[in-house]
Amino acid sequence: MSVDATARNDVEVSAPILIVDDREDSLRALCAVLEPLGQPVVTARSGDEALRHLLRKQVAVILLDVNMPGLDGFSTAAMIKRRPRTRDIPIIFLTADRDASERGHVQLGYSSGAVDFLVKPYDAWALLSKVTVFIELHRRAEELRRRVEELQVSQAALSDAQRIARLAHFRLDAASGAIAWSESAVQLFGPQIRTSNGQATPFPFWEALVNPEPSRDFDQVQTKWTAGDGSSMTLVARAEFVRDRTGRLRLISGTLQDITEHDETRRALATTTDLLHREQESAKLLQAALLPKVLPEAPGLELAARYLPAEIGVGGDWYDASIQSDGRLLLAIGDVAGHGLDAAT
């Protein structure tokens, strides 16, 4: 991914910050400190309000006040960490109690799931630095999640394409002999495609296909194969031999494709083409038989004819000329409706 693409993704990924404090002045002060980060800031006046917000939206980091009436910061943090959807959100505790360490609040905060504990008055730049780190982590996590989703979509599309093309992919490790098959392999060839009883595959051509001798970069085999249920397939197997810099074979990557339907279609097309060719030859013979070889010689007349046959098949149209017993000349032209042998005959 280019730097520009990464920058665009960073801009697109929002990293909301949740501030939880029962005092309005504290909320305003924290919002002012965090404003330079340019991220959405959401405020809550109680632990209950914060939990309700987290049910609706995800945030990058939570700034949580310790001392609040009702549900205090420790209890709120414990409930956030119990929920699978929010347990990984980082929490920074804030407190105005300078004796927090002596009172055991710091230890309790960390045990409640906090990643940091700040005592007021805190250093604004330190707070900004800490929050910036979690914003960046949130962005990277979101970008990773998007990439995983894109990869899953791509894998699903690839699986569909392999299924439609009746194609299976394999990778054979040259060192161990282990074979990894794509999911489509079992759908095409059944569970016997997996290694069992010391046999690599159920295909009789397998050893010849993956044998790297004589040395070559690519090999292809087209053959008939009978499956365990008795059905016959026409397979095209391809193998690519991948070597390291020293020329030693590292792995074999290849595909097996069921082209039975394509093969049957090709043969049917060849048969049809042959029939059409024979019909065309028959049409030429029939057309020639319909027309006179020569025109008669008529006293005082010159007879000539030009015949343009139909572009496809046989038209059957014909002409003729004959001299009658009384000396008159008879000209005849026949027009056939339609084309083909049936119409002509």
Side-chain angles (χ1 to χ4, degrees), residues 1-6 9 140 143-274:
M1 180 178 289
S2 66
V3 174
D4 291 342
T6 303
N9 284 340
R140 292 184 181 182
E143 182 180 345
L144 179 60
R145 181 186 60 80
R146 290 185 182 184
R147 290 185 179 181
V148 169
E149 290 178 351
E150 291 172 358
L151 180 60
Q152 290 173 340
V153 171
S154 298
Q155 288 178 333
L158 177 60
S159 178
D160 288 341
Q162 290 180 340
R163 176 179 52 79
I164 293 171
R166 298 188 65 77
L167 184 73
H169 178 262
F170 69 85
R171 289 173 68 90
L172 189 156
D173 184 88
S176 65
I179 307 173
W181 290 94
S182 62
E183 293 182 2
S184 57
V186 174
Q187 299 172 358
L188 285 173
F189 308 117
Q192 68 268 24
I193 192 69
R194 304 298 188 190
T195 301
S196 61
N197 299 327
Q199 298 297 320
T201 71
F203 307 115
F205 58 83
W206 183 257
E207 290 302 323
L209 175 69
V210 300
N211 187 354
E213 300 298 336
S215 181
R216 60 201 187 278
D217 295 328
F218 182 81
D219 199 4
Q220 177 172 313
V221 176
Q222 179 171 333
T223 184
K224 293 283 188 179
W225 176 69
T226 302
D229 59 1
S231 60
S232 180
M233 293 184 183
T234 302
L235 298 181
V236 172
R238 301 176 178 89
E240 179 185 16
F241 300 88
V242 182
R243 294 176 171 82
D244 58 21
R245 294 181 179 179
T246 65
R248 183 177 61 182
L249 184 65
R250 187 164 56 88
L251 63 88
I252 302 171
S253 177
T255 58
L256 266 66
Q257 185 173 18
D258 174 17
I259 63 165
T260 306
E261 292 185 4
H262 298 80
D263 193 44
E264 292 174 352
T265 302
R266 180 184 59 78
R267 284 182 303 196
L269 181 60
T271 301
T272 302
T273 302
D274 183 60

With sequence neighbours left out, what residues match Ser253 under side chain to side chain contact (heavy atoms under 4.5 Å, CB included)? His169, Arg171, Leu251
Salt-bridged, Arg145 to Glu149, with N to O below 4.0 Å? yes
I would like to know whether Trp206 and Ile179 meet side chain to side chain contact (heavy atoms under 4.5 Å, CB included); could you show each step before the answer? CA-CA 12 Å; Trp206 183 257; Ile179 307 173; 3.8 Å; yes
Between [atom1] of [X] and [atom2] of [Y], what distance do you get to the nearest 0.5 Å?
X      : Y      : atom1 : atom2 : value
Arg140 : Arg147 : CZ    : CZ    : 11.0 Å
Lys224 : Thr234 : NZ    : OG1   : 3.0 Å
Arg238 : Glu240 : CZ    : CD    : 12.5 Å

So do [Y] and [X] actually touch side chain to side chain, heavy atoms under 4.5 Å?
X      : Y      : result
Trp225 : Leu256 : no
Asp217 : Phe241 : no
Phe203 : Leu209 : no
Leu188 : Met233 : no

With distance as the sole test, does Arg216 use its side chain to make a donor-acceptor pair with the main-chain N or O of Pro214 at under 3.5 Å? yes
All side-chain hydrogen bond (donor to acceptor under 3.5 Å, both in side chains) counterparts of Asp258, not counting sequence neighbours: Arg166, Thr260
Please list, chain by chain and in numerical order, all residues satisfying side-chain hydrogen bond (donor to acceptor under 3.5 Å, both in side chains) with Thr246, sequence neighbours excluded. Asp244
Which atom names give the shortest non-hydrogen contact between [X] and [Y], and what distance separates them?
X      : Y      : result
Ala239 : Ile252 : CB-CG2, 4.0 Å
Ser184 : Ala168 : OG-CA, 3.5 Å
Ala174 : Leu249 : CB-O, 3.5 Å

Is the ring pair Phe170/Trp181 parallel, tilted or perpendicular, if the boundaries are 30 and 60 degrees? tilted
